[in-house]
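Below is one structure; the comments refer to it alone.
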There are 2 protein chains.
Amino acid sequence: MDKVYHKEAFERASEAYRTAVLTAGIEEFSELGLEKANINIIAKKAGVSVGLLYKYFDTKEDFFFTCVEDAMRTLEDIIEGVVNSNDKILVRAEKLIRAIQTTSGADSKYVKLYNEITKVSGNDGAAELVKKVEGISAKTYNEFIKRAQESGDIRSDCDSAMFAFFFDTLLMTLQFSYTCDYYRERLKLFCGEDIFENDDRMVTELLKFLEAAFTFEHDDIKKFNK
Amino acid sequence: MDKVYHKEAFERASEAYRTAVLTAGIEEFSELGLEKANINIIAKKAGVSVGLLYKYFDTKEDFFFTCVEDAMRTLEDIIEGVVNSNDKILVRAEKLIRAIQTTSGADSKYVKLYNEITKVSGNDGAAELVKKVEGISAKTYNEFIKRAQESGDIRSDCDSAMFAFFFDTLLMTLQFSYTCDYYRERLKLFCGEDIFENDDRMVTELLKFLEAAFTFEHDDIKKFNK
DNA sequence: TGTAAATTCGTGAGCAGTCGCTCACACCAC
DNA sequence: GTGGTGTGAGCGACTGCTCACGAATTTACA
């Protein structure tokens, strides 16, 4: 089921070669994207011949996908490492937002590569990739909301799958907004230049937004005379 | 201030040539993106020589930006045409969501091109583009929320700029989710294959989400014993 | 108003640079 | 000897862009 994008030779390669190749690949692909990145340059940066790269991977695309897989694993570790436990959704959200803000520094390349995935055309690869990248959060959020509904922490009049989607949408876009060119400019346009120096503003406002969205039911409006 | 991306010759060109060139450009760029699209093929599809294209535009990028500008104007007309009037934010939101769902059909190329913009690297172009593309919604939503706060339609304990940003984030991603490869797969993963055949489900759930987020204040929780 | 000169419109073969990928070869392990 | 690792010059295909040329149109001027 789970597709592999590398040849057998890659598994036999030494740890040093594998990390060198993946590091250089992630570096270049995250900066330039699949199309613009240059295999010859990546090989040179990795201290490896082009020929060897093509002993490890059939095509440039396969190499790219392997880099993506690796980067997503690390990104997941960073993000999910912060959000373990059985925190309530708002605590979880706050930890996620702060993790996102932190990640936008040194580890920005992983987020950038995440963003590059959304650009890959050709629906064949897209479907496979999405499952690998978003599969976990989709399932996690969905089940989390369901359980929270049962215990009364979250409004019961909502579709858990849809609300998981909205939640993920806001956090995913937030990630891009802290690291990727276009989305950074967009955030600045909406919230001003200084938004990147005022992390707490984002945290409190997004939490306010999410808290209300997840807490109050449609009928509460009448009961509350709004 | 407002940069133009075409040479003077383009303005002197006949209406027929201009639309032919723009139509072919939007078609190809929306399908393949800036990098993969081929100038020679676009010229052929437009029924025009490459030489002439380069009398109209200095570079491929300039041509791309001109196509983007044109497409965004049409997209704005479609979207904003639906949301005139002084509707309340939820009425406005519903109209927007339904317009987005409709637009995903015949006019998908404009949305796809919108999505292509987010992929353009090099922060020089990005900043300029963002202003053109998102400038209007940023200002509109922000001021709208402010006025709604004054009249008591929207909670008063929130940062209008931030909430405008969240609102736009949800709608922008929704647009992509109905038209672009990766985002379509992502939506399917979260909400199931049949989400595209059940437009009302999206409308009601997103409205529930937004209604609560925009209505209830943080302090309401105590008052409401939640 | 007729005509020469200057300018612009429009063409498309092909230049020049880029880059994914190959392959003949050397080395090494067993 | 067989089968793996590792090399890197360079092939071949692609493509953004040019430029020499002719046709059309405008301008200049008697």
Side-chain angles (χ1 to χ4, degrees), chain A residues 5-68 116 119-122 125, chain B residues 5-68 116 119-122 125:
Chain A
Y5 296 100
H6 60 261
K7 299 200 214 174
E8 281 180 19
F10 187 60
E11 284 163 33
R12 287 192 298 266
S14 73
E15 186 68 25
Y17 265 172
R18 258 181 299 168
T19 53
V21 162
L22 286 178
T23 308
I26 291 173
E27 187 84 26
E28 286 290 295
F29 283 130
S30 68
E31 213 56 49
L32 298 170
L34 170 55
E35 333 269 357
K36 276 193 171 177
N38 184 324
I39 285 285
N40 298 279
I41 292 177
I42 295 178
K44 194 162 279 174
K45 285 202 177 177
V48 150
S49 70
V50 213
L52 189 57
L53 258 190
Y54 279 89
K55 291 236 161 76
Y56 291 161
F57 312 100
D58 270 324
T59 62
K60 188 192 189 185
E61 277 72 31
D62 278 356
F63 178 35
F64 174 76
F65 290 143
T66 309
C67 290
V68 165
E116 287 299 328
K119 308 177 185 177
V120 176
S121 58
Chain B
Y5 296 101
H6 59 261
K7 300 201 216 173
E8 281 179 19
F10 187 60
E11 283 162 32
R12 288 192 298 264
S14 72
E15 186 68 25
Y17 266 171
R18 258 181 299 167
T19 54
V21 162
L22 286 178
T23 308
I26 292 174
E27 187 84 27
E28 287 289 297
F29 283 130
S30 67
E31 212 56 50
L32 298 169
L34 170 56
E35 332 270 357
K36 276 193 171 178
N38 184 323
I39 285 285
N40 298 280
I41 291 177
I42 295 178
K44 194 161 280 175
K45 284 202 178 179
V48 150
S49 70
V50 214
L52 189 57
L53 259 189
Y54 280 88
K55 290 238 162 75
Y56 291 161
F57 311 100
D58 271 325
T59 61
K60 188 191 186 185
E61 278 73 30
D62 278 357
F63 179 36
F64 174 76
F65 290 142
T66 310
C67 290
V68 165
E116 287 300 328
K119 309 177 185 175
V120 176
S121 58

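Each chain gets a letter, A, B and so on, in the order its sequence line appears, and its residues count up from 1.
Listed candidates were C:dC9, D:dG8, D:dG6. Nearest to the side chain of B:Leu52 is C:dC9. Closest approach to the A:Tyr17 side chain among D:dT7, C:dT11, C:dT22 is made by D:dT7 (side chain taken as heavy atoms from C-beta onward). Side chain of A:Ile39, nearest nucleotide from D:dT7, D:dG8, C:dG20: C:dG20. Picking from C:dT11, D:dG16, C:dT22 the nucleotide with the shortest atom distance to the side chain of A:Tyr54 gives C:dT22. Of the candidate nucleotides D:dG8, C:dG20, C:dT11, D:dG8 has the atom lying nearest to any side-chain atom of A:Ser49.
Aromatic rings from B:Phe57 and B:Phe10 are positioned such that their centres are separated by under 6.0 Å.
Between the base of C:dC21 and the side chain of A:Asn40 there is a donor-acceptor pair shorter than 3.5 Å.
With sequence neighbours excluded, the residues forming a side-chain contact (heavy atoms from CB on, under 4.5 Å) with A:Glu61 are A:Leu34, A:Thr59, A:Phe65, listed by chain and number.
Using a 4.0 Å cut-off between charged side-chain N and carboxylate O, B:Lys45 and B:Glu27 make no salt bridge.
Each of B:Lys55 and B:Asn38 lies near DNA chain D, and the nucleotide nearest B:Asn38 is the one positioned closer to the 5' end.
Close to D:dT5, at under 4.0 Å from its OP1 or OP2, lies a side-chain N or O of A:Arg12.
Between the CD1 atom of A:Ile42 and the P atom of C:dC19 there is a distance of 11 Å, rounded to whole Å.
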